[in-house]
Amino acid sequence: MKIATYNVNSVKARLEGVLTWFREAQPDVACLQEIKCETPAFPRAAFEDLGYNCAVLGQKTYNGVALLSKHPMEDIQDGLPGDDADVQARYVEATVTPKGARAVRVGALYLPNGNPPNTEKFAYKLAWMERLYARAKVLLATEEAFALCGDYNVIPTAEDVWDEKAMAEDALARPESRRAFRKLLHLGLTDAFRNCDPRGHQYTFWDYQAGAYQKGHGFRIDHILLSPQAADRLTGAGIDAHVRAWEKPSDHVPVWCTLKP
DNA sequence: ATGGTAGCCTCGCTA
């Protein structure tokens, strides 16, 4: 079972390339972020034609997440619990049950960027991470396999960025952000890519600005965190970095992992 | 040297 995450930076502007990647990568489940459209405007038919079921939580102009699955999805939950006043579309969760394989609960998340630090945006990011931590604890108590996949907007360590010093004051690399990410790991979650690939400096994002991709100025901020029951089944993980060189690319590339049935 | 680019949908905000 292949689970992937991909921040597409507008599903409508990116549809051709995203569909090309789906045909090539053939994920069983894919979590999309920054679809940047309202739920009814999501190009559902294009994905259904490829055999995917869609669970979409959209929003006009900003944010927006979707879960696409080749297998049936049950118990779809829109939004991250913990703040009824939060209107930003950043989380959708569902249980995926492939034929002949054990179920996996999958959460698609788009964690707030949080820049600039020392503003309400950074406070919102940290509060959102507290809510994600609480959600992970609830899911762990079920003792079922789950995967929390998405754009975490956190560079976990100095090994995950082209220049640690250049990013020292950025919300993606601030100690508070890293501490909150480590708190998730310390619950017993596994960073799927890090677990399968010991190399440092493997990136999932390159800014459009200042020729960052050409210069190799990237970060690793898109992650798949697995519960112990899912991590027991982990057989591989990777980053589809070649997608960044395609025409009209997203600034992020897909990250994936594979689980035994 | 506080730049640079992309998307949305108005010309500013978010990333």
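Keep in mind that the numbers below use all heavy atoms, side chains included, and drop hydrogens, waters and symmetry copies. In what follows, every chain begins at residue 1, and chains take the letters A, B, ... in the order their sequences are listed.
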### Query
Is atom CG of Asn118(A) surrounded by more than 12 heavy atoms (other residues, nucleotides or ligands) closer than 6.0 Å?
no
### Query
Rounding to the closest angstrom, what is the interatomic distance between dG3(B) and dC9(B) at atom P?
26 Å
#### Entry: Distance between P atoms of dG7(B) and dT2(B) (Å, rounded)
26 Å
### Message
Measuring only the P atom in each nucleotide, how far is dG12(B) from dA1(B)? A whole number of Å is fine.
### Response
27 Å
#### Entry: Gln59(A) CD to dC13(B) C1', straight-line distance once rounded to whole Å
13 Å
### Task
Identify, between His252(A) and Ser10(A), the residue whose nearest nucleotide on DNA chain B lies closer to the 5' end.
Ser10(A)
### Query
With rounding to whole Å, what would you report as the distance between dA6(B) and dC11(B) at their C1' atoms?
15 Å
### Query
Just checking, Arg90(A) and Tyr110(A): is the charged tip under 6.0 Å from the six-membered ring centre and within 45° of the axis?
yes
### Query
Which listed nucleotide (dA15(B), dA6(B), dG7(B)) is nearest to the side chain of Tyr208(A)?
dA6(B)
#### Entry: Pairing of Asp251(A) and Arg244(A) as salt bridge, 4.0 angstrom limit
no
### Query
When rounded to the nearest Å, what value does the distance between C1' atoms of dT14(B) and dT10(B) take?
14 Å
#### Entry: Between P of dG7(B) and CG of Asp251(A), the distance in whole Å
9 Å
Extract all donor-acceptor atom pairs below 3.5 Å that involve side chains of residues 40-51 of chain A and protein atoms in other chains or at least two apart in sequence.
residue: Arg44(A); atom: NH1; partner: Cys54(A); partner atom: O; Å: 3.3

### Task
For the residue pair Asn7(A) and Asp222(A), confirm or rule out a side-chain donor-acceptor distance under 3.5 Å.
no
### Task
Under 4.0 Å between any heavy atoms, over every strand shown, what does Lys215(A) touch: base, sugar-phosphate, or nothing? Just pick one.
nothing
## Note on the structure
Members sharing Leu126(A)'s hydrophobic cluster, built from side-chain contacts under 4.5 Å between Ile, Leu, Val, Met, Phe, Trp and Tyr, are Phe122(A)
### Query
Using a cut-off of 4.0 Å on non-hydrogen atoms, how would the nucleic acid contact of Phe205(A) be classed: base, sugar-phosphate, or nothing?
nothing
### Query
Between Val92(A), Leu148(A), Thr5(A), which is the residue that forms a side chain to side chain contact (heavy atoms under 4.5 Å, CB included) with Leu109(A)?
Leu148(A)
### Query
Over how many whole Å does the gap from Trp246(A) atom CH2 to dA6(B) atom C1' extend?
19 Å
### Query
Tell me: CG of Asn7(A) to P of dG7(B), nearest whole Å?
13 Å
### Message
What is the distance, to the nearest angstrom, from the CG atom on Asn115(A) to the P atom on dT14(B)?
### Response
12 Å
Which atoms of nucleotides 9-12 of chain B (N or O only) lie under 3.5 Å from a protein N or O atom, and what are those distances?
residue: dC9(B); atom: OP1; partner: Thr61(A); partner atom: OG1; Å: 2.9

### Task
Report the nucleotide, chosen from dC8(B), dA15(B), dA6(B), that has the shortest atom-to-atom distance to any side-chain atom of Tyr110(A).
dA15(B)
### Query
Taking CG from Asn63(A) and C1' from dG7(B), how many angstroms apart are they, rounded to a whole number?
13 Å
